[in-house]
Amino acid sequence: MPLDRTSTFWENIVKHMKLAAEQLTINLDVHYLKQSDSRRFNYSEYLNRVLASSERPDYLVTPFFKGLEKTLLELTSQEKISLFTFNVPLSDEMTATLGFPRERYPYWIGHISPDEVDAGYQLADRLIQLAAKNSTDAVKLIAVNGDRTGVVGQLREKGLMQRLALSPDVELLQLVDAKWMPGKAQYMASRLVRRHQDIDLFWAASDHIAMAVVNALADYEATMDKAIVGSIDWTKEIGSYIENRSVGVSFGGHIFEGAWILPLLYDHYNHQDFAKQLTSVISYKMQGITVKNSVLLKADNINKIDFSYLSQCFTGKNSAYHFSPLKQLTQYDVK
C-alpha cells in the first residue's frame with residue numbers, strides 16, 4: 001500500500017481487507033511503500049524485503065506504482081508468487097507493453113478496477129438531475145479535477161465531457177486541476193466563485209476536493225445556498241457533508257476492492273478459479289450515496305459486512321460473483 005496512512009481512502013481499503021481476511025481465515029500482512037523506495041532499484045529491494053519478512057506468501061495484492069509495473073511483474077514471475085493488482089484501470093499503453101493478466105506474465109492472475117469513465121459520467125448526470133429540480137434555467141457548472149495527467153483524472157474527465165455533450169443547456173464555466181490537493185482545490189474554488197459568481201454545480205473528482213470546495217463556499221453565502229456539489233470516493237468523512245446537504249452525492253464503492261479480492265483468491269487457492277466466470281480483468285460500476293441513504297456509510301453498518309458471500313467456495317460454484325457496492329452495504333437492514 002502507499003505509505004500515506006493519513007489518506008482515509010487507503011486506510012479504508014486496508015480496514016475492509018482485514019475484515020475480509022478474518023472472515024475467510026486468511027493470514028494478511030500489510031506493508032506500506034515509502035516514497036524513498038519508489039524508484040526501480042529500491043522498489044525491487046523493497047519487494048524482496050516484503051517477501052522475506054514473514055512466511056512466504058501465496059499471493060501478493062497491490063496497486064501498480066507508476067513506472068514500476070514491469071519490475072513488479074518480473075519479480076513475482078521470478079519468485080512464482082501469484083499477483084493480483086487493483087485500483088487504477090489498465091491503460092491501453094500498459095496492456096500494449098505488458099499484456100493482460102495471464103498472458104505474458106502467468107503469475108499475474110487478475111486485476112480489478114472501477115469504470116472511471118462511467119463514474120465521471122454518472123456524477124455529472126446526477127448533478128444535472130438535481131439542478132433540474134431546482135430550476136428550469138440554463139445550468140452553469142464548474143469542474144474541479146484531480147490530476148489530469150494521470151489515468152484516473154483523465155477517465156473521470158472523459159465521462160464528464162461525454163455527459164455534458166448530451167446537454168447543450170449545461171454550460172461548463174471552467175475545468176481546473178487541483179492535483180488531488182484539498183488546499184489547492186479550496187484556493188481555486190474561492191477564486192472561481194469570485195470570478196463566475198452565478199454557479200449551479202460543482203463536479204469534484206474526489207470527496208476531499210468536494211469538501212475543500214464546500215469550505216471555500218462558506219465565505220459566499222449566495223453561492224453556497226444555490227450551488228450543488230458532487231464527488232467520488234465514499235471517504236468516511238463525506239457522510240456528514242451529505243447529511244447536512246452541503247454535498248449532494250458521492251459515487252464510490254472502490255473502498256471495497258481489496259476486500260473483494262480476498263474471496264477471489266480464496267477460491268483460486270481452493271482450485272475454484274474466478275477467471276472462468278469473470279475473466280482476468282474485472283470492471284464494475286461505482287454507485288451513488290445521497291442524503292436518502294447516507295446512513296449506509298456509518299461505521300457500524302460497514303463493520304457488519306460479510307465479504308465471504310462473494311466466495312463460490314461458500315455460495316456454490318454455480319453462483320455468480322456480484323461486485324455491487326450498494327448491495328454490499330445493504331446485506332443487513334439498516335434501521
Side-chain angles (χ1 to χ4, degrees), residues 6-9 119-148 152-153 156-157 159-161 163-252 286 288-294 297:
T6 63
S7 166
T8 55
F9 175 78
Y121 181 102
Q122 294 299 336
L123 174 57
D125 185 68
R126 186 68 61 88
L127 286 171
I128 291 168
Q129 291 179 33
L130 292 172
K133 291 180 179 179
N134 295 344
S135 174
T136 57
D137 298 333
V139 175
K140 296 181 179 181
L141 181 146
I142 293 284
V144 186
N145 203 343
D147 183 353
R148 298 171 70 190
V152 172
R156 291 180 184 178
E157 182 178 318
L160 163 69
M161 301 309 291
R163 179 60 185 86
L164 292 180
L166 301 178
S167 296
D169 57 330
V170 178
E171 180 184 359
L172 178 60
L173 297 175
Q174 200 162 342
L175 171 62
V176 296
D177 186 343
K179 302 295 182 185
W180 305 117
M181 299 167 59
K184 184 170 185 177
Q186 184 167 338
Y187 171 76
M188 298 174 86
S190 64
R191 291 179 64 86
L192 289 166
V193 171
R194 290 200 300 270
R195 178 181 303 166
H196 296 287
Q197 298 181 357
D198 187 19
I199 302 169
D200 299 291
L201 302 173
F202 277 92
W203 180 98
S206 77
D207 287 348
H208 287 293
I209 289 175
M211 291 183 281
V213 168
V214 170
N215 293 338
L217 294 181
D219 296 327
Y220 302 90
E221 291 185 10
T223 303
M224 186 174 185
D225 289 342
K226 178 185 179 184
I228 303 171
V229 182
S231 58
I232 298 170
D233 271 352
W234 282 12
T235 56
K236 62 183 179 182
E237 301 96 335
I238 202 65
S240 61
Y241 282 76
I242 294 173
E243 287 171 3
N244 67 25
R245 300 177 186 271
S246 53
V247 170
V249 62
S250 174
F251 277 80
M286 293 196 209
I289 290 286
T290 66
V291 69
K292 293 180 180 179
N293 60 353
S294 60
L297 293 181

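What you are looking at is a predicted structure, and each value in this text was computed from that prediction instead of being measured. Excluded from the calculations below are hydrogen atoms, water molecules and symmetry mates; all remaining heavy atoms, backbone and side chain alike, are included.
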Could you tell me which non-hydrogen atom of [X] sits nearest to which non-hydrogen atom of [Y], and how far apart they are?
| X | Y | value |
| --- | --- | --- |
| I289 | S294 | CG2-CA, 3.6 Å |
| I232 | G120 | CD1-N, 4.3 Å |
| A212 | P182 | CB-O, 3.2 Å |
| S190 | A216 | N-CB, 3.8 Å |
| I228 | G248 | CG2-CA, 4.3 Å |

query = Are any side-chain N or O atoms of S167 and backbone N or O atoms of L164, one a donor and one an acceptor, separated by less than 3.5 Å?
reply = no
Is the shortest heavy-atom distance from the side chain of [X] to the side chain of [Y] under 4.5 Å?
| X | Y | value |
| --- | --- | --- |
| R126 | T290 | yes |
| W203 | V144 | no |
| I199 | L173 | yes |
| R191 | V193 | no |
| V139 | L201 | yes |
| L217 | V229 | yes |
| V247 | S231 | yes |

message = Using the rule side chain to side chain contact (heavy atoms under 4.5 Å, CB included), only one of L175, L192, V213, L172 pairs with I142; which is it?
response = L192
Ion pair [X]/[Y], N-O distance below 4.0 Å:
| X | Y | result |
| --- | --- | --- |
| D200 | K140 | no |
| D198 | K226 | yes |
| R148 | D177 | no |

[X] side chain to [Y] side chain, donor-acceptor N/O pair below 3.5 angstrom:
| X | Y | result |
| --- | --- | --- |
| R163 | Q122 | no |
| Y220 | R194 | yes |
| S246 | N244 | yes |

[X] side, atom [atom1]; [Y] side, atom [atom2] - distance, nearest 0.5 Å:
| X | Y | atom1 | atom2 | answer |
| --- | --- | --- | --- | --- |
| D233 | H208 | CG | NE2 | 7.0 Å |
| E171 | H196 | CD | NE2 | 9.0 Å |
| S206 | M181 | OG | CE | 12.0 Å |
| L160 | D125 | CG | CG | 11.5 Å |
| F251 | Y121 | CZ | OH | 11.5 Å |
| S250 | M286 | OG | CE | 9.5 Å |

key: Working for side chain to side chain contact (heavy atoms under 4.5 Å, CB included), residues D207 and E237   = CA-CA 8 Å; D207 287 348; E237 301 96 335; over 6 Å; no
Derivation of the side chain to side chain contact (heavy atoms under 4.5 Å, CB included) call for Q174 and V176 = CA-CA 6 Å; Q174 200 162 342; V176 296; 3.9 Å; yes
ask   = Got more than 12 heavy atoms from elsewhere within 6.0 Å of NZ, K179?
value =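 Correct, the count exceeds 12.
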